[in-house]
**Q** 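Quick one: structure below, then a few questions.
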Amino acid sequence: VRVFIVHSHHEPKSFNGAMTREACAALQAAGHDVVVSDLYAMGFNPLSDRRNFVTIHNPDRLHQQAEETYASQQDSFAPDIKAEMDKLFWCDVLIFQFPLWWFGLPAILKGWVDRVFAMGRVYGGGRFYDHGVFAGKRAMCSVTIGGSAPLYSEHGLNGPISSILFPINHGMFYFTGFTVIEPFLVYAPARLSQQDREDHLKRYRERMLELISAPTLSFPKLADYDERRILKSAARTIGCGPSPNADHACS
Ligand SMILES: Cc1cc2nc3c(=O)[nH]c(=O)nc-3n(C[C@H](O)[C@H](O)[C@H](O)COP(=O)(O)OP(=O)(O)OC[C@H]3O[C@@H](n4cnc5c(N)ncnc54)[C@H](O)[C@@H]3O)c2cc1C
């Protein structure tokens, strides 16, 4: 199995750092191939602008998706983006390793997605969700969270962790065709005992060895939606479809 870990933490001695080292050791010992993009160590530039491209399609106005489509045709992405795309297309399993920051990805990792998940190459032309470019590959979030698990439970103060990770699991991974592995979560690592932290690292090592069989999240397929992109089953329930004339179905 070829595993690509996009690692997003500025401190090598962090728990995130320990998790990525543990993952690499486990995968390599089992004979798998692993590549890590350590974004801070690489000094990865998260700013998305004309430096994404070595060509210019429209010099008057920067329209990112139009330039991305052109660069896909011309094979003219900047070398730092091209290198990351090559790893994406190489891997069987993609892992985002990150601490939860402000209910989302650290900016450097969000910037990586903004630049690397480019129209024309990674999505576009009807290639999305179960018809996505990366269909057949798997992806997983491995996340440390400052707060404790009850805070992120169904009725917890911060709301369910599944909702917080939805933009990543659904909007990034599934959107581009990945099958999404259930996230690996470590709550409040700074407040755990050393033994509990080591137990999590052991659990993570085990997860590395079952990436191909680990449970996945279930999302509807494109065929489950009607022509307005509303779930057919829900449209029936709320009484506004299905209808061949979508504009008038709910009016
Ligand atoms: C900008 C920002 C925004 C944030 N937003 C949120 C938010 O929205 N929600 C939220 O819940 N939290 C939030 N946090 C908190 C953040 O999610 C946690 O601080 C982070 O997830 C903890 O992970 P870490 O790797 O940084 O842990 P660390 O603090 O680096 O490590 C935790 C403990 O593990 C120990 N450790 C390291 N290596 C090992 C090892 N090999 N074996 C055993 N122990 C080890 C460390 O020494 C330390 O004691 C935010 C933090 C920041 C800075």
Side-chain angles (χ1 to χ4, degrees), residues 3-30 32 34-48 84 93-117 139-174 180-211 214 217:
V3 181
F4 176 27
I5 302 175
V6 186
H7 177 83
S8 174
H9 201 292
H10 40 43
E11 172 51 60
K13 291 180 186 145
S14 64
F15 198 70
N16 277 261
M19 291 178 77
T20 291
R21 281 191 297 277
E22 201 71 36
C24 290
L27 289 164
Q28 283 163 351
H32 301 301
V34 56
V35 165
V36 179
S37 282
D38 184 343
L39 299 185
Y40 282 97
M42 292 158 66
F44 185 81
N45 172 21
L47 299 181
S48 197
E84 297 308 299
V93 181
L94 169 67
I95 297 175
F96 281 0
Q97 177 67 53
F98 63 97
L100 190 71
W101 278 8
W102 290 112
F103 285 47
L105 296 174
I108 198 169
L109 180 52
K110 177 58 165 53
W112 184 93
V113 177
D114 290 344
R115 297 184 70 217
V116 176
F117 277 30
M140 183 181 86
C141 286
S142 174
V143 196
T144 63
I145 299 153
S148 59
L151 277 174
Y152 292 94
S153 61
E154 180 75 26
H155 302 291
L157 179 64
N158 289 350
I161 193 68
S162 56
S163 303
I164 290 170
L165 297 180
F166 184 82
I168 307 160
N169 284 331
H170 192 277
M172 298 172 193
F173 292 159
Y174 182 44
V180 186
I181 302 171
E182 281 186 5
F184 189 92
L185 307 171
V186 179
Y187 290 100
R191 281 179 274 143
L192 295 177
S193 68
Q194 180 67 7
Q195 184 58 54
D196 284 345
R197 283 195 290 262
E198 286 172 13
D199 288 348
H200 280 300
L201 291 174
K202 180 167 176 290
R203 204 166 56 87
Y204 194 47
R205 201 176 318 140
E206 289 161 3
R207 172 66 72 93
M208 286 303 109
L209 303 181
E210 58 183 31
L211 287 171
L217 303 180

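Start at 1 and go down the list; that is how both ligands and their atoms are numbered. Below, all heavy atoms of this structure are taken into account, side chains as well, without hydrogens, waters or symmetry copies.
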**Q** Indicate the ring-plane relationship of His7 and His9, choosing parallel, tilted or perpendicular according to the 30° and 60° boundaries.
**A** tilted

**Q** Nearest heavy atom to atom 9 (N) of ligand 1 wins, so pick from Tyr152, Phe103, Trp101, Phe98.
**A**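 Among Tyr152, Phe103, Trp101, Phe98, the closest heavy atom to atom 9 (N) of ligand 1 comes from Tyr152.
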
**Q** Salt bridge or not between Lys202 and Glu206? Use side-chain N to carboxylate O under 4.0 Å.
**A**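 Result for this pair is yes, salt bridge flagged.
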
**Q** Any salt bridge linking Lys110 with Asp114? Criterion: basic side-chain nitrogen under 4.0 Å from a carboxylate oxygen.
**A**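 The answer is yes: the pair qualifies as a salt bridge.
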
**Q** Residue-level breakdown please: for Leu201 versus ligand 1, do any non-hydrogen atoms fall below 4.0 Å on the side chain, on the backbone, on both, or on neither?
**A** side chain

**Q** Identify, for atom 5 (N) of ligand 1, the protein heavy atom at the shortest distance, and state residue, atom and that distance.
**A** Trp102 N, 2.8 Å

**Q** Which one of Leu105, Val143, Thr144 satisfies the side chain to side chain contact (heavy atoms under 4.5 Å, CB included) criterion with Leu100?
**A** Val143

**Q** Is at least one protein non-hydrogen atom found at under 4.0 angstrom from atom 41 (N) of ligand 1?
**A** yes

**Q** Which residue from Asn16, Leu192, Thr144, Leu100 reaches closest to atom 50 (C) of ligand 1 through any of its heavy atoms?
**A**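 Among Asn16, Leu192, Thr144, Leu100, the closest heavy atom to atom 50 (C) of ligand 1 comes from Leu100.
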
**Q** Taking atom types as modelled, is there a side-chain donor on His200 or Arg203 under 3.5 Å from an acceptor on the other?
**A** yes

**Q** Side chains of Met208 and Val34: closer than 4.5 Å at any heavy-atom pair?
**A**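 No; the side chains remain at least 4.5 Å from each other.
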
**Q** What is the nearest protein non-hydrogen atom to atom 19 (O) of ligand 1, stated with its residue, atom name and distance?
**A**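 Sorting protein heavy atoms by distance from atom 19 (O) of ligand 1 puts Gly146 CA, 4.6 Å first.
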
**Q** So is there a nitrogen or oxygen of Arg197 less than 3.5 Å from a nitrogen or oxygen in ligand 1?
**A**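 Yes, Arg197 has an N/O under 3.5 Å of an N/O on ligand 1.
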
**Q** So, does His9 sit close enough to ligand 1 that a heavy atom of it is under 4.0 Å from the ligand?
**A**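 Per 4.0 Å heavy-atom rule, His9 contacts ligand 1.
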
**Q** Give yes if a backbone or side-chain nitrogen or oxygen of Gly147 is under 3.5 Å from a nitrogen or oxygen of ligand 1, and no if not.
**A**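 Right, the criterion is met.
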
**Q** Fit a plane to each ring of Phe96 and Phe117, take the angle between them on a 0 to 90° scale, and name the class: parallel (under 30°), tilted (30 to 60°) or perpendicular (over 60°).
**A**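 Geometry flag for Phe117 against Phe96: tilted rings.
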
**Q** Using distance alone, determine whether Pro189 and ligand 1 share an N or O pair under 3.5 Å.
**A**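 No; every N/O pair is 3.5 Å or more apart.
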
**Q** Around atom 29 (O) of ligand 1, find the nearest protein heavy atom and jot down its residue, atom name and distance.
**A** Ala190 CB, 4.4 Å

